[in-house]
Amino acid sequence: MDERYDPKTIEPRWQAAWEEKNLFKVKEEPGREKYYLLEMFPYPSGKIHMGHVRNYTIGDVVARYKRLRGFNVLHPMGWDAFGMPAENAAIANDSHPARWTYENIDNMRTQLRRMGFSYDWDREIATCRPEYYRWEQWLFLRMYEKGMVYRRESFVNWCGSCQTVLANEQVEAGSCWRCGRQVRQKKLQQWFFRITDYADDLLRYCEKLPGWPEKVITMQKNWIGKSFGAEIRFPVQGKDEVIPVFTTRQDTVFGATFMVLAPEHPLVASLSAGTDQEAAVADFVEKMALTDRSSRALENYEKEGVFVGAFCQNPMTGRSMPIYTANFALMEYGTGAVMSVPAHDQRDFDFARKYDLPVVAVVQPPGKALDGDTLQEAYAGEGLMVNSGRFDGMASTDAKEAIAEELEKNGLGKKTVSFRLRDWGISRQRYWGAPIPIVYCEDCGAVPVAEKDLPVRLPEEADLLEGGRSPLPFLESFVRTECPKCGKAARRETDTMDTFVESSWYFERYCSPRYEEGIFEKEAVDYWMPVDQYIGGVEHAILHLLYSRYYTRVLKDFGLVRFKEPFTRLLTQGMVCKETVSCPEHGFLFPEEVDMQGEGRFCGKCGRPAQVGRVEKMSKSKKNVIDPNVLLDKYGADTTRLFCLFAAPPERDLEWSEQGVEGGYRFLNRVWRLAAGIMDEIREAAPYSASADALSGDVKALYKKTHETIRKVTGDIEDRFHFNTAISAVMELVNAMYSLWTDERPQHWAQVMRFALETAVVMLSPIVPHFAEELWAALGREKSVLLADWPVWKEDALTKEQLLIVVQVNGKLRSKFTVDAGIDEPALKKMALEDERVGKFIGDKTIKKVIVVKGKLVNIVV
RNA sequence: GCCUGGGUGAUGGAAUAGGUAGACAUAAGGGACUUAAAAUCCCUUGGCGCUAAGUCGCCGUGCGGGUUCGAUUCCCGCCCCAGGCACCA
């Protein structure tokens, strides 16, 4: 073998060899146990970043490990290829979203190949291809038939000068990010998936995802947000109208002194019509329409509202309650109307004090009398009922139940639950997405496209219009069609689907990515799914994962899959972080713009001292990024992979460190030097596999250490994915081999060294695959290390003849000694008590108790 | 405000079931090799104190309590950092 470790020559060679022998290509093998390992597929933004490198390295290690354990491993990769950045880039570069996307895919695929990941590239998919999204459209039609999709009016952020919708992150301080014009809320007809029908099921199954991180489960639960309460009906005075409200505090209904409606509530306009409040209400509603949602939801947003000019009646007290419309009421939650109980809700309290509305306390904390007129803040806790008619004196928790019953009995309301989760709006007034397969006919209305006419192709010849507007509504060749029902001239839907739809089922498509007869091949999905291990960033903990869980339920309802939960185990890896460096004049600096002089940092542009800022997530805007290509050029893929795994356990944040990378590179060189140095002597030796008893001294110790390392590494990878400690265990083994690499050649030296080295190579192979292949071949192995077996430790090689015993006095470490493993408890106790150093601490005190932990420790209590 | 993590040497991190705190690595220092440097190999390195030498003493896992023979680990209260949600009635 070569004297020098040279990743530049060995890495491309092994990548080519794997590809040539199709080593990562898999198919269903019904008799063999499968393992589906999936990493979240990337958006093809142009370049792989360190976050991808880390995510896919973790996944690749698990995939390769499971393969060595004998599993039939599915490990695919593809592209989440629709979405807005392609449109923005197309405008910026005067290009086309399709061209931009496909070029990026080619570029990123090349980068991923350079990393040596074990993907079955034959299964690659790009969601922007019609062969993919046609099945999304097909499922949309099935869902439409079943009423799982519907259309209604909903608000979007709208820029009047760009004539386009804006995503929330494109609204900057209430104005369009591109032209600066004030954004307004515009009502549009949009398509929705009825995800709320599954809210309860999605919530209930949160308890049945033991392989998911606790924090993701709680995030999902909170997002679904189930709350128990009651719907109460408030009649409007002098009109034949009723305002239903949802409340979780029906026990406080006697304290409801006014009503608040969301500005978008239909009754706001109708109730104020003809009153002297009409103009004021209209102004207020218009003002709210100009305020974008995100700033309306800000914490210290001042509560404001106007009286709508009408009153309703508290069904329990008969009290006349003024009706207001206010900014803090949300149309999307509950019924869009709030019964306001200022004494027991802080928002209502703030509002009541501002507009001088009556405050009536109806729940009193234990041993305290509340007075609505002098109250300083709302009391939201439990207590005793007062001012509540026949419920007075009852505990408020009991009153909740009793009042709900009373309301139900009198037809004034009922117990109910409400969810925070809303239906999933999937319409995007955008070009670069999957067309929604609907046609609008003057006579028949919205009509689904016939199945035989799928896919509805996105016309790639279209160019974006000024301001980034979608060209689809203006593209006659696309829009003009015939009604599938009556054949008359009709117009196509020009909205496209939210890209979260594509990513909600791609993992199922991977099972049979080229299948043309249906959304997927039943046998393939039945064999591979569900995903055994899913790995990705925590930023997708809510939406992507919730949508995928929902979509899988829909597929199950259609009998297309047999399971409800797509991902058995989930790992959310931490972020990749780095310190920021900024210059007082030039702002944030890229690492290559910083001059390092010892500890000092200077701006590469003006030479002034630069500020070293906090360690933060790598991002282009903070310029604290490292280009993986630079690492690949300098150190190679194996070192890059090793660093990502060694510097931190996967779920924690990883702090970039050039020295850490150097350290990884140094370790590989160290192993290489050892292997090259002893290769001639061990090449012909058979790896030692007989009993440890036939060995002695350091050779025996190394043999045992090797078995211990196998156990440690296997446990770390199998149970916890703690690659950092697995690697450190191999480092220890290598250090042990170094200390045996002297001029001495005791008996069995070559066999044991070979065994240790070979074991280390196999265990390192998931982590640094090219490196491992090279050493494996140098050891004379003809087949790829991918086809090797994961090493197995021998229990009898782990047994120790000598044990280190720790002696404590009153819990403090005072002495240690080694004993024969066979020693019995009384003898051990005796040895501990007779120990000289222990004696010093016992002195003439009386021994109260002696605790013996077998094989480990003796604690003497005096 | 609510919910989740987390806080351990100079640094990244280890301690898997309550049992030797600091594995492994980085950085630093020393030595060997070299004309020299780099690379490499070996050694030292939590803090304080004492010593001729240490299998020496004391302190030490954010802070304050508790449980226990024994707590980085379990319980209670608090502080700080990161992430998520946030007028959800």
Side-chain angles (χ1 to χ4, degrees), chain A residues 213-219 221-223 225 227 229 245-249 252 260 262 296-301 303 326-330 332-341 344-348 350-351 418-422 538-539 541-542 572 574-575 577 614-617 646-649 651-664 666-667 669-670 673 712 715-716 719-720 722 724-732 734-735 738-739 741 804-817 835-837 840 848-851 853 856-862:
Chain A
E214 194 55 42
K215 83 169 160 191
V216 176
I217 301 213
T218 27
M219 278 158 84
K221 282 186 195 162
N222 293 341
W223 190 261
S227 32
V245 305
F246 172 75
T247 180
T248 54
R249 293 299 304 273
T252 63
V260 172
R296 216 174 115 184
L298 274 182
E299 180 175 9
N300 296 324
Y301 203 67
K303 286 163 190 53
N327 55 355
F328 68 87
L330 306 173
E332 300 89 355
Y333 185 73
T335 62
V338 186
M339 71 169 203
S340 287
V341 187
H344 304 294
D345 182 287
Q346 192 58 40
R347 288 159 304 172
D348 298 346
D350 295 343
F351 194 81
S418 187
F419 291 93
R420 210 192 80 108
L421 181 70
R422 324 243 154 99
V538 72
E539 64 273 19
I542 300 177
T572 50
M575 300 179 296
C577 302
R614 301 197 317 162
V615 173
E616 292 186 70
K617 179 183 175 166
F646 183 61
E651 66 276 10
R652 275 217 235 171
D653 286 353
L654 175 94
E655 192 186 330
W656 165 261
S657 148
E658 178 84 30
Q659 278 140 2
V661 182
E662 286 281 354
R666 206 147 39 199
F667 170 67
N669 274 291
R670 190 168 151 85
R673 262 191 313 276
K712 167 87 178 139
D716 283 349
D719 308 334
R720 324 190 291 168
H722 276 203
N724 55 334
T725 49
I727 292 166
S728 77
V730 178
M731 285 175 167
E732 280 188 61
V734 170
N735 290 345
Y738 259 85
S739 56
W741 185 24
L804 180 68
I805 300 295
V806 172
V807 187
Q808 300 176 331
V809 177
N810 284 348
K812 278 193 175 168
L813 174 68
R814 294 305 179 189
S815 180
K816 20 186 161 177
F817 50 76
D835 187 273
E836 193 188 327
R837 278 174 308 259
K840 257 183 6 196
K848 283 190 196 153
K849 203 169 166 189
V850 179
I851 290 139
V853 179
K856 261 188 178 157
L857 153 154
V858 179
N859 188 12
I860 300 158
V861 188
V862 296

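In what follows, every chain begins at residue 1, and chains take the letters A, B, ... in the order their sequences are listed. None of the values given here were measured: they were computed from a predicted structure.
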Within-4.5 Å side-chain heavy-atom neighbours: A:W656 and A:V661 = yes
What is the base-pairing partner of [N], counting Watson-Crick and G-U wobble geometry with both distances under 3.5 Å?
N	result
B:rG29	B:rC43
B:rA21	none
B:rG5	B:rC81
B:rU35	none
B:rU72	none

In whole Å, what separates the [atom1] atom of [N] from that of [M]?
N	M	atom1	value
B:rG30	B:rA14	P	31 Å
B:rG18	B:rU72	C1'	11 Å
B:rC69	B:rC88	P	49 Å
B:rU45	B:rU35	C1'	32 Å
B:rG66	B:rA28	C1'	41 Å
B:rC87	B:rA10	C1'	47 Å
B:rC75	B:rC81	C1'	24 Å
B:rC56	B:rU4	C1'	46 Å

Presence of A:R422 side-chain N/O under 4.0 Å of B:rC88 phosphate oxygens OP1/OP2 | no
Quick one: is B:rC41 close enough that its OP1 or OP2 comes under 4.0 Å of any side-chain N or O from A:R673?
-> yes
Short N/O separations, protein against nucleotides 43-51 of chain B, under 3.5 angstrom:
none

In whole angstrom, what separates [X]'s [atom1] from [N]'s [atom2]?
X	N	atom1	atom2	value
A:K812	B:rU68	NZ	P	19 Å
A:E655	B:rG6	CD	C1'	15 Å
A:E539	B:rA82	CD	P	19 Å
A:R249	B:rC88	CZ	P	13 Å
A:W656	B:rG12	CH2	C1'	14 Å
A:L654	B:rG6	CG	C1'	16 Å
A:F817	B:rU55	CZ	P	17 Å
A:N669	B:rC41	CG	P	9 Å

To the side chain of A:K303, which of B:rC69, B:rA86, B:rC87 is closest?
-> B:rC87
Output the single nucleotide from B:rA89, B:rC41, B:rC85 whose closest atom is nearest the side chain of A:R347.
-> B:rA89
Can you give one letter per nucleotide of nucleotides 14-30 of chain B, going 5' to 3': B for a protein heavy atom under 4.0 Å from the base, S for sugar-phosphate only, - for none?
-> SSB--BB--BBSSS---
Which residue lies more 5' along RNA chain B, comparing A:N222 with A:S418 via nearest heavy atoms = A:N222
If you find the nucleotide of RNA chain B closest to A:F419 and the one closest to A:I860, which residue's nucleotide is nearer the 5' end?
-> A:I860
Can you tell me if A:D653 uses its side chain to pair, donor with acceptor, with the backbone of A:M575 under 3.5 Å?
-> yes
Main-chain N/O of A:V862 paired with A:N810 side-chain donor or acceptor, under 3.5 Å | yes
From [atom1] ([X]) to [atom2] ([Y]), nearest 0.5 Å:
X	Y	atom1	atom2	result
A:I805	A:K856	CD1	NZ	10.5 Å
A:E651	A:K215	CD	NZ	8.5 Å
A:L857	A:I851	CG	CD1	8.5 Å
A:F351	A:K303	CZ	NZ	10.0 Å
A:K840	A:D835	NZ	CG	10.0 Å
A:S657	A:F646	OG	CZ	11.0 Å

When we call it a touch if two heavy atoms are under 4.0 Å apart, what does [X] touch: a base, just sugar-phosphate, or nothing?
X	value
A:S227	sugar-phosphate
A:S815	nothing
A:V338	base
A:K848	nothing

If you take all heavy atoms of A:T335 and A:V245, which pair is closest and at what distance?
-> OG1-CA, 3.3 Å
The glycosidic conformation of B:rG9, counting syn as within 90° of 0 and anti otherwise, is syn
A:R670-A:N735 side chain donor-acceptor pair, cut-off 3.5 Å = yes
Kindly write out the residues that satisfy salt bridge (charged side-chain N to carboxylate O under 4.0 Å, His left out) with A:R249, not counting sequence neighbours, or none if the list is empty.
-> A:D251
